[in-house]
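Before any comments, here is the structure.
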Amino acid sequence: NAHRQGTVASFKRAILRHADVPSIAEYSLGQYRAKLQPSQKQAYYNGTATFMSRYFADQSRDYTVSKYEIGDSDQSGNDINVDTKVYLVNGQSYTVVWRLAKKGGGYKVEDAKVMGFSLIYLQRGIFTSFLSKRGGDVGQLITALNR
């Protein structure tokens, strides 16, 4: 549904509902995680969800999905990996492996590997690069994410 709408707001709703934003956000800080103050967490989590939403909304314009197929799943510890095949309108296809973690009474997305590339690993690289250029100031990252 978010892909069909293609808006930042629609992707953000989906992310907030289906993703483990706190886990993704904290992983994305890498070595700077200890610098995140408790008073900053909510603004940082919101900014991370907004960042992901903007990215997906932007990318969805170039990758129009015609259909998808949910494939096999396998359990790895407390996580479940779900294979999917995505077919684009232009005839291309690619695989996405969703890593779901048990949270409360259900599961939340903690990562997606698109064509073998981990999205949280890529996001971590972006965030830690930003922080390394600013002396590890998490406040500056939060400000940038929430613009």
Side-chain angles (χ1 to χ4, degrees), residues 1-90 92-131 138-147:
N1 190 30
H3 178 72
R4 278 191 300 279
Q5 291 178 15
T7 65
V8 173
S10 63
F11 278 100
K12 190 165 184 180
R13 280 191 303 274
I15 287 167
L16 291 173
R17 181 174 180 196
H18 299 291
D20 184 356
V21 174
S23 291
I24 293 167
E26 290 183 20
Y27 174 84
S28 297
L29 286 173
Q31 69 268 31
Y32 302 103
R33 183 176 179 184
K35 293 189 173 208
L36 179 65
Q37 300 301 308
S39 61
Q40 296 174 308
K41 285 186 177 184
Q42 199 52 52
Y44 174 61
Y45 297 160
N46 182 65
T48 299
T50 300
F51 177 85
M52 292 188 299
S53 302
R54 287 179 182 144
Y55 176 80
F56 293 136
D58 182 59
Q59 292 299 304
S60 72
R61 293 178 188 99
D62 295 330
Y63 298 96
T64 307
V65 175
S66 64
K67 70 176 185 170
Y68 63 91
E69 296 172 350
I70 299 173
D72 294 333
S73 64
D74 64 83
Q75 190 154 0
S76 173
N78 291 328
D79 296 342
I80 295 176
N81 295 309
V82 179
D83 295 333
T84 58
K85 183 87 170 196
V86 177
Y87 298 90
L88 303 179
V89 171
N90 68 9
Q92 294 179 314
S93 65
Y94 60 92
T95 59
V96 178
V97 179
W98 302 91
R99 182 168 51 86
L100 309 174
K102 191 158 184 72
K103 298 291 174 184
Y107 288 86
K108 294 276 187 173
V109 176
E110 282 198 342
D111 191 15
K113 287 186 179 177
V114 180
M115 297 182 288
F117 295 97
S118 164
L119 294 184
I120 62 168
Y121 183 78
L122 293 172
Q123 181 171 290
R124 182 179 188 160
I126 293 167
F127 285 18
T128 58
S129 175
F130 181 95
L131 289 165
V138 175
Q140 288 188 45
L141 177 61
I142 294 167
T143 298
L145 293 173
N146 283 296
R147 280 193 185 139

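These numbers come from a predicted model, not from an experiment.
For Y63, the OH atom counts as loosely surrounded, since its 6.0 Å shell holds 12 or fewer non-hydrogen atoms of other residues, nucleotides or ligands. For Y68, the OH atom counts as loosely surrounded, since its 6.0 Å shell holds 12 or fewer non-hydrogen atoms of other residues, nucleotides or ligands. Other residues, nucleotides and ligands place more than 12 heavy atoms under 6.0 Å from the CG atom of N90. Heavy-atom neighbours of D72 CG from other residues, nucleotides or ligands within 6.0 Å: at or below the threshold of 12. Remark: Y121 OH is loosely packed, at most 12 non-hydrogen atoms of other residues, nucleotides or ligands lying under 6.0 Å away.
Here the side chains of L131 and K35 are not in contact, with every heavy-atom distance at 4.5 Å or above. Between E26 and T48, every side-chain heavy-atom pair lies at or beyond the 4.5 Å cut-off. Between F11 and H3, the closest side-chain pair of non-hydrogen atoms falls below 4.5 Å. In this structure, I15 and F56 have side chains that are in contact, with non-hydrogen atoms separated by less than 4.5 Å. No side-chain heavy atom of I120 sits less than 4.5 Å from a side-chain heavy atom of E110. Counting only heavy atoms from C-beta outward, the side chains of T95 and D83 never approach each other to under 4.5 Å. Between L88 and V65 the shortest side-chain heavy-atom distance falls below 4.5 Å. Contact check for F51 versus I126: side-chain heavy atoms found under the 4.5 Å cut-off.
Between the CG atom in L29 and the CZ atom in F130 there is a gap of 12.0 Å [rounded to 0.5 Å]. A distance of 11.0 Å separates NE2 of H18 from CG of L100, quoted to the nearest 0.5 Å. Note that CD of Q123 and OG1 of T128 are 10.5 Å apart. Values are rounded to the nearest 0.5 Å. Rounding to the nearest 0.5 Å places CD of Q92 at 11.0 Å from OG of S66. To the nearest 0.5 Å, the span separating CZ on R13 from CG on N1 amounts to 7.5 Å. Rounded to the nearest 0.5 angstrom, Q31 CD and R124 CZ are separated by 7.0 Å.
Looking at N146, its side chain never comes within 3.5 Å of a backbone N or O of Y44 through a donor-acceptor pair. Looking only at distances, no side-chain donor or acceptor of Q140 sits under 3.5 Å from a matching main-chain atom of I142. The backbone N or O of V138 sits nowhere less than 3.5 Å from a side-chain atom of Y32 that would complete a donor-acceptor pair.
Look at E69 and K67 and you find a salt bridge, because one of the NZ, NE, NH1 or NH2 atoms lies within 4.0 Å of a carboxylate O, short of that distance.
Smallest separation of non-hydrogen atoms from S28 and I24: OG-O, 2.8 Å. Minimum heavy-atom separation, L16 to A49: CD2-CB, 3.9 Å. The shortest heavy-atom contact between G6 and A57 is O-CB, 3.7 Å. For the pair N81 and S76, the tightest heavy-atom approach, listed with the atom from each and the gap, is ND2-CB, 4.2 Å. For the pair A25 and Y45, the tightest heavy-atom approach, listed with the atom from each and the gap, is CB-CD2, 3.7 Å.
Remark: of the listed residues K103, R99, K108, K102, R99 is the sole one forming a salt bridge (Lys or Arg N to Asp or Glu O under 4.0 Å) with D79.
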